Amino acid sequence: MAERNEEFYQQRLAKLQRLREQGIDPYPARFQRTHLAAEAVALFQAAHGDTPGAHGDETVTVAGRVTALRLMGRAAFLDLRDISGRLQAYCRVDRLGEVAYQRLHDLDLGDFLGVTGALFRTRTGEVTVEVHQYVMLGKSLQPPPEKWHGLTDVETRYRHRYLDLMSSEEVRQTFAVRSRIVSAMRRFLDARGFLEVETPMLQPQAGGALARPFVTHYNALGQDFFLRIATELHLKRLLVGGFERVYEIGRIFRNEGVSTKHNPEFTTLESYQAYADYQDVMAMVEEMVAHIVQEVLGATQFQYRDRTLDLTPPWRRITLRDAILEHSGIDYLAHPDAESLRAAMQVREMKVAPTLGYGKLVDELLSTFVEPQLVQPTFLLDYPVELSPLAKRKAEDSRLVERFEGFAGGMEIANAFSELNDPVEQRARFAHQAQLHAEGDEEAELPDEDFIFALEHGMPPAGGLGMGIDRLAMLLTDNPSIREVILFPQLRRKE
RNA sequence: GGGCCGGUAGCUCAGUGGUAGAGCAACGGACUUUUAAUCCGUGGGUCGAGGGUUCGAGCCCCUCCCGGCUCACCA
């Protein structure tokens, strides 16, 4: 864990004081720069090529953080880093004058500095700005992480993410990619006529997924509220209201353990499209993901861990039944009830809690045998109705619903179905869930009377989708842990 | 919650029972094209916390805290 160092702080505070005594504001409000670091380098390169020792007459003003400082008596080099990259600055006493030059001794790594000067290329070939004048833009009072090894302590990286970002270009890149994923997703959906909406995070009851919620208290109403576990039920109310294509990208909260694939708050996309079914959604998912990857990485093939993933459509499609049969040898449809299926699983030496219901057992088979094998993008189709209280049954087989999940890199990244729009059946499904809840399943879906009331007013057939943005970001940034793609991941409080 | 691993200077890390170390960073000095600048010198530590064993504990034992991986739980 990073800790404050009082000695360094006092030293830097003294430097700050010296600046003020010289009438210098160490925290000015504004600075007008003419170029980013990378722009300055490109400018010089275009005008003078890469001949070592070349001097130009281009004057630039750049600003950034001091990341290295090499004082050599009557001359000094320092590295400035801004969002575009790094630019070396060269200071010499005969150019800056004795006073301004000596003041460099009170400069520290981490300070923000603005410099103006002429570009040249050193004899070792680096484009450099020879400083005519400089301005302190923000004094730093704590030392930055080590310049060569950077920050490796994982706990410090997460608790003080600014230090991690400060010292690692790779980490900065990860979060830039994450941002581009989300904006590419928005562009894709917007171009297809989807309307982006926002629905409540604080809810009198949390529904739309099988998960335990966080509870909070609303003082003004004197009531407990729940943080949403999904956006589904509100988005479908909007279909009832007449919107035909809606989506929401937002944070949801699930009161569960953390792991490399789970953070208690995470970000999902949910979209709903009227008059579409899960087959239409499947086509959209593979097209959308390929589009995003192409925009963000410039190709639909990329490295994830030790494998090359190819997200070019079409993705493999296989029924959940066949996938489980293939990887575990168990045909769950041949075992129509929980007792029989559990017995079959125990024959294969799986430890299964006797309290697990039929749906959970199937889920267990999926996550144990199938999910880790799905490295290349794959859609699993047709799930048992017990596992999907909000999905429409298949016309040909009432044990199953029209649902698919998308996998890549051994992780679930999408979940979608043809939405159940029959209010009477929805009520019955809720009743079944209520029964499971009464039997001790804390994750069972609770009946949402207003949602049923909405359905009773008529909802068009629709295809709905949920996607985990964090997991998509893990894939595209080649990170094995969800915490690496969340800026401030959840950690236990430390005191 | 279980198992395994880790927590030593601001940072990166050595140190397996006998005077707490190195590199970077910091401070002082030399140096006008360096770039992990170089050279000389200096300061800097409740060794995660608490207890125990021992003549003596960073090191061995116990408890606890925090983190990582993993299993379980968990979409």
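Because the structure is a prediction, the values reported are computed rather than measured.
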Is any side-chain nitrogen or oxygen of [X] closer than 4.0 Å to OP1 or OP2 of [N]?
{"X": "S367(A)", "N": "C74(B)", "answer": "no"}
{"X": "R159(A)", "N": "G67(B)", "answer": "yes"}
{"X": "T122(A)", "N": "U34(B)", "answer": "no"}
{"X": "R483(A)", "N": "G68(B)", "answer": "yes"}
{"X": "R123(A)", "N": "U34(B)", "answer": "yes"}
{"X": "R492(A)", "N": "G67(B)", "answer": "yes"}
{"X": "K15(A)", "N": "C27(B)", "answer": "yes"}

Using whole Å, what does the distance between atom C1' of nucleotide C74(B) and atom CG of N255(A) come to?
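Rounded to the whole Å, the gap is 11 Å.
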Can you measure Q142(A) atom CD to C24(B) atom P for me and round it to whole angstrom units?
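Roughly 21 Å, once rounded to whole Å.
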H437(A): ring pair (Phe, Tyr, Trp, His ring centres under 6.0 Å) partners, not counting sequence neighbours:
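H437(A) satisfies ring pair (Phe, Tyr, Trp, His ring centres under 6.0 Å) with no other residue.
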Side chain D470(A), main chain T267(A), donor-acceptor under 3.5 Å:
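Flag set: sc D470(A) to bb T267(A) pair under 3.5 Å.
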Pair E169(A) + R81(A): basic N to acidic O under 4.0 Å
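Here E169(A) does not pair with R81(A) in a salt bridge, since their nearest N and O are not under 4.0 Å apart.
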Near RNA chain B, which residues from residues 36-60 of chain A have a heavy atom under 4.0 Å away?
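Contacting residues: H55(A).
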Picking from [options], which would you name as closest to the side chain of [X]?
{"X": "L491(A)", "options": "A25(B), U34(B), G67(B)", "answer": "G67(B)"}
{"X": "R92(A)", "options": "U32(B), G10(B), U34(B)", "answer": "U32(B)"}
{"X": "P145(A)", "options": "C11(B), A36(B), C74(B)", "answer": "C11(B)"}

With sugar-phosphate meaning primed atoms plus P, OP1 and OP2, does T260(A) contact a base, only sugar-phosphate, or nothing at under 4.0 Å between heavy atoms?
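The answer is sugar-phosphate, as T260(A) gets under 4.0 Å only of primed atoms, P, OP1 or OP2.
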For the rings on F404(A) and F379(A), is their centre-to-centre separation under 6.0 Å?
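Close enough - the centres of the two rings lie under 6.0 Å apart.
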Please indicate whether R305(A) has more than 12 foreign heavy atoms, meaning atoms of other residues, nucleotides or ligands, lying under 6.0 Å from its CZ.
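Correct, the count exceeds 12.
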Identify whether NZ of Lys or CZ of Arg in R4(A) sits under 6.0 Å from the centre of the six-membered ring of Y9(A) and within 45° of that ring's axis.
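Ring-cation test returns yes.
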Ring of Y383(A), cation from R403(A) - is the NZ or CZ under 6.0 Å from the centre and inside 45° of the axis?
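Judged by the rule (NZ or CZ under 6.0 Å from the ring centre, within 45° of its axis), R403(A) counts as positioned above Y383(A).
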When you compare the protein's N or O atoms with those of nucleotides 37-39 of chain B, which come within less than 3.5 Å of each other, and at what distance?
unit_1: A37(B); atom_1: OP1; unit_2: K147(A); atom_2: NZ; d: 2.1
unit_1: A37(B); atom_1: OP2; unit_2: R70(A); atom_2: NH1; d: 3.3
unit_1: A37(B); atom_1: N6; unit_2: L71(A); atom_2: O; d: 3.1

